[in-house]
S.K.: 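Got a structure here, written out as structure tokens. Questions coming.
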Amino acid sequence: MGRWLLRRLAAAALIVWLVATATFFAAALAPGDITLRLADTRVSPSIREQWRRTFDLDQPLLTRYLRWMAGAARGDLSTSWTTYRPVATMIAEALPNTVLLAGAGLLLELLGGVAIALHQARRPFGTGDRILTFATLLAFAMPTFWVALLLVEVFAFRLPLFPPSHMRSPAGEMAVGWQRMADLAYHSVLPVLAIGITGVGAIARYLRGSLLDERAQGYVLAARGRGCSPRRALRVHALPNALLPLITILGLSLPFLVSGSLVIEVVFSWPGMGQLVYSAALARDLPTLLGGTVVVAVAVVAGNLLADLAYALADPRIRLGDAA
Amino acid sequence: MTKTLYQVPIVDPIEFFLMVRLTHNLLTLAFIAAALSCGNEQPITPVASGLGPRQGGQVVVAISSDLSTFNEYQWAPEAAEFEVLDLLFPSLMIEQPDFALRPPSFGERLATSWEFSPDNRQLTFHLRSGARWSDGVPVTAEDVAFTFSVQKDPQLGAIGLEFKEFITGVEVLDPLTVRFTFSHVYPYQLMDANDGHIIPAHVWGAVPRAEWRTTDFSQLLVTCGPYRLAAHTRGQTIILARDPAWWGHPRPYLDHLVFRVIPDVASQVNQLLSGHVDVVRVVPPRDADRVRANAELELIEFPSRDWGYLGWNNARPPFDDRRVRRAMSLAINRKAAVDSVFMGHARVAQGPILSSMWAFNRNLPILGHDPEAARTLLAEAGWGDSNGDGVLDRGGKKLEFDILYPATNAIRRDLAQLISADLARVGVRARPLPVEAATFLARQERGEFTAMLAAWTEATRIELSSVWASRSAGQGSYNFISYSNPEVDRLIAGARLEADHARAKLLLDRIQELIVLDQPVTFLYERNELVGLSRRIRGANINAAGLFFNVQDWYWEP
């Protein structure tokens with residue numbers, strides 16, 4: 001187990017390094033750089049060179065790469081070319097916003113998915129099941145941005161129940177304490193719903209299938225034979241085993257917690273990681289783009305690693321390591 | 001807004017929204033068909049009673065992106081950012097929107113009066129006494145001199161540097177008097193002296209210039225304006241509060257200005273319609289009717305300083321021949337294309353000077369839509385359809401080329417398609433070619449194109465040399481189309497130094513005639529500015545001089 005973990009950690013570091021390197025060179029070799037913004041203005045060529053020196057763009061690509069890597073290894077993700085602030089600070093500001101939004105969205109889709117699947121598995125192929133199957137398939141098939149726009153249109157504009165965008169109202173920005181929290185919660189409703197609705201379908205579909213599989217297993221039938229109610233057999237006996245594959249889904253969802261949903265963040269003007277990386281890419285703000293990519297890459301490998309570990313803990317049939 | 005002074009080719013600014021819209025387009029259209037509920041939740045606390053302006057309230061303004069910096073000399077902020085900075089930092093004077101009649105005049109701001117020396121080489125400003133930075137320190141001539149040293153610092157390379165080219169020095173005569181010295185006399189001395197906001201010497205002067213570009217100036221924010229920063233959440237909201245220490249006290253009337261970052265312009269318009277925001281700076285032409293139809297909203301329309309053109313590479317065949325360039329302009333139904341793409345919110349551009357400017361030549365010969373004349377000109381130039389395939393040729397070469405444009409720009413995409421169809425009717429094969437924005441800029445700059453769709457934002461000064469004068473080696477020029485006419489060069493040089501604007505007008509009229517005759521580009525459109533705002537905001541005078549030109553006079557209807 002220890003050696004397995006070490007090997008996985010080494011592989012994870014390698015993957016992060018590869019992603020960072022590939023992003024660096026891909027972004028650096030793309031046509032145009034940050035000084036293209038200066039092409040818009042009538043500055044003399046000497047001033048443009050001055051700008052390039054400030055951002056090390058006059059250095060050979062390899063030197064720039066090594067400098068950036070050396071900084072990144074120390075945790076210094078360099079300074080943004082568009083806001084002149086440390087990239088690490090910008091990420092530290094954006095990350096909690098994304099974790100909050102994506103976390104609440106994930107929780108909603110998980111709880112909703114389990115509830116729907118349990119309901120469906122009680123009377124499979126009945127009318128209720130068919131309706132829910134249709135509804136979850138529909139939810140699964142709808143594009144996130146469309147759901148988001150629909151929610152805004154209906155619940156912010158037609159029925160002005162919720163704010164159409166932003167994390168806080170102007171008054172909320174100035175408020176403190178629980179009023180500030182309440183304002184944030186109020187503004188979270190629509191974006192969280194948008195994430196939850198589109199995610200709930202996948203979880204419900206997945207779980208319904210595995211619940212039906214488990215229900216036919218001997219241990220569930222045995223429980224029923226011992227006089228266990230159908231409801232209890234499903235919830236207490238079948239559900240824990242049916243949930244196992246969800247570990248993988250959750251592991252794969254961890255990067256989403258960090259990268260955020262670009263579409264949701266743009267539609268709802270939510271200042272998270274998705275927006276940060278996207279606007280950095282548009283502006284050719286290489287340090288911010290790289291910093292964001294590295295953080296997301298770390299989340300991807302960490303998510304996979306955690307999922308594997310969680311599997312081993314949850315399912316005694318799985319043993320990690322060389323002997324397996 | 002003082003920073004409309006430089007010419008900027010528009011690549012991204014013609015609307016980031018257009019790109020986002022490519023995806024959201026159809027859906028948004030479907031959604032917004034019906035009337036939307038309105039309800040303005042601005043808390044208004046009337047102080048005075050009776051008619052007339054009242055104190056209090058807040059106006060919510062939608063912006064597409066957050067401020068990138070509070071220090072405009074750190075880098076190159078976008079035009080919209082200057083409108084916010086204009087509320088926080090003083091300029092010496094404020095440019096008046098009277099450029100339709102004469103070169104713009106100036107009103108007092110930090111300076112209450114100014115005068116030229118008898119030889120016009122020196123300009124002395126008398127500053128307002130009692131102007132204070134937000135930390136209580138008085139604003140003095142030292143701040144003006146410090147700002148000038150920053151603007152001129154080659155190490156910083158601030159974008160306004162070229163406006164200070166002919167200012168040789170700024171001298172502090174006493175704390176409230178400062179003197180600018182110019183290398184020579186020319187028409188835009190006031191404008192150049194005024195360009196850029198005054199920044200606090202006592203705080204920002206302590207930052208070493210070498211660290212200037214990587215300093216977070218929001219940590220060192222000291223302001224002087226009708227408003228000061230009350231709260232700032234990055235990427236979300238900027239809240240400005242009335243500065244009681246401002247010299248215009250008790251104005252402004254509005255307690256707060258709230259800027260909400262809404263990246264998607266379609267969302268901005270929806271929030272304007274629903275009353276969540278009160279002002280949208282750039283209403284897309286296609287949304288204009290919805291805003292106008294809303295009883296709660298007002299749509300303000302005025303000529304912008306943006307114009308677009310189809311640039312021909314004058315150094316390359318076939319467009320090194322004036323007859324061919326003129327034929328293209330005659331073959332394109334410019335009016336139909338512009339009306340359709342801008343839905344009536346633009347007019348056909350006729351020449352190198354905006355038709356809203358005092359210097360525009362109202363007697364320019366207008367090139368109409370005349371495909372027959374185009375065919376004749378092309379035949380004169382030797383182009384005929386020898387093999388009957390519908391495409392003109394000469395010496396075995398077909399008359400075909402690409403029209404280059406930035407891929408994310410939907411306006412230019414639409415224009416390219418309409419132009420291509422018009423040209424096909426006279427036997428010219430013009431293929432629209434979208435390229436990535438950075439590639440577009442690079443190819444434009446290097447002259448690697450035959451035809452391209454581009455645009456400029458014009459200053460309120462008449463500055464023809466950087467775009468229309470012959471390209472001289474090693475000099476920063478924006479004559480990407482390689483236009484060269486010695487007569488035009490001579491006249492431009494003369495007009496630049498002519499301080500008497502009536503005499504300058506004669507030269508400028510002739511330049512416009514010559515350029516229109518040469519058609520180095522096909523002039524396409526002059527876009528209108530469309531600003532949407534709540535009807536209940538009173539006193540606002542929104543014009544080409546800026547959204548917040550008279551923000552101190554804005555108030556909520558009682």
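Hydrogens, waters and symmetry mates play no part in the numbers below; they use all other heavy atoms, side chains included. Chain letters run A, B, ... following the sequence lines, proteins first and then strands; every chain starts at 1. It should be emphasised that the depicted structure is a prediction, and the values quoted were computed from it without experimental measurement.
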S.K.: For A/Met69, does the CE atom have more than 12 heavy-atom neighbours from other residues, nucleotides or ligands under 6.0 Å away?
M.R.: yes
S.K.: B/Ser218: which residues meet the side-chain hydrogen bond (donor to acceptor under 3.5 Å, both in side chains) condition with it, sequence neighbours left out?
M.R.: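 Testing B/Ser218 for side-chain hydrogen bond (donor to acceptor under 3.5 Å, both in side chains), a comparison that skips the adjacent residues, returns B/Asp216, B/Arg234.
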S.K.: Measuring from atom CG of B/Leu257 to atom CD1 of B/Ile239, what distance do you get when rounded to the nearest 0.5 angstrom?
M.R.: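 B/Leu257 atom CG to B/Ile239 atom CD1 measures 11.0 Å (nearest 0.5 Å).
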S.K.: Sort B/Ile262 into side chain, backbone, both or neither according to what part of it lies under 4.5 angstrom from a heavy atom of chain A.
M.R.: both
S.K.: If every non-hydrogen atom of A/Trp270 is compared with every non-hydrogen atom of A/Leu100, which pair is closest and at what distance?
M.R.: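 Residues A/Trp270 and A/Leu100, closest heavy atoms: CZ2-CD2, 4.1 Å.
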S.K.: Quick one: are the ring centres of B/Tyr73 and B/Trp204 less than 6.0 Å apart?
M.R.: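 B/Tyr73 vs B/Trp204: aromatic centres not under 6.0 Å.
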S.K.: Of all of B/Gln219, B/His232, B/Gln236, which one pairs up most often with chain A through heavy atoms under 4.5 Å apart?
M.R.: B/Gln236
S.K.: By a 4.5 Å heavy-atom criterion (distance strictly below it), what part of B/Glu436 contacts chain A: side chain, backbone, both, or neither?
M.R.: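 When you check distances to chain A, only side chain atoms of B/Glu436 fall under 4.5 Å.
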S.K.: Among residues at least two apart in sequence or on other chains, which ones pass side-chain hydrogen bond (donor to acceptor under 3.5 Å, both in side chains) with A/Tyr186?
M.R.: none
S.K.: At a 4.5 Å cut-off on heavy atoms, which part of A/Thr83 comes close to chain B: side chain, backbone, both, or neither?
M.R.: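 Both parts, backbone and side chain.
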S.K.: Ion pair present between B/Arg446 and B/Glu448, side-chain N to carboxylate O less than 4.0 angstrom?
M.R.: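 B/Glu448 and B/Arg446: salt-bridged.
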S.K.: Sequence neighbours left out, what passes side-chain contact (heavy atoms from CB on, under 4.5 Å) with A/Val295? Give chain and number order.
M.R.: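 For A/Val295 the side-chain contact (heavy atoms from CB on, under 4.5 Å) partners, ignoring immediate neighbours, are A/Ile91, A/Val258, A/Met273.
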S.K.: Check whether B/Gln74 gets within reach of chain A through its side chain, its backbone, both or neither, counting any heavy atom under 4.5 Å.
M.R.: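 Both the backbone and the side chain of B/Gln74 come within 4.5 Å of chain A.
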S.K.: Counting only non-hydrogen atoms closer than 4.5 Å, can you tell me which residues of residues 208-215 of chain B sit against chain A?
M.R.: B/Arg213, B/Thr214, B/Thr215
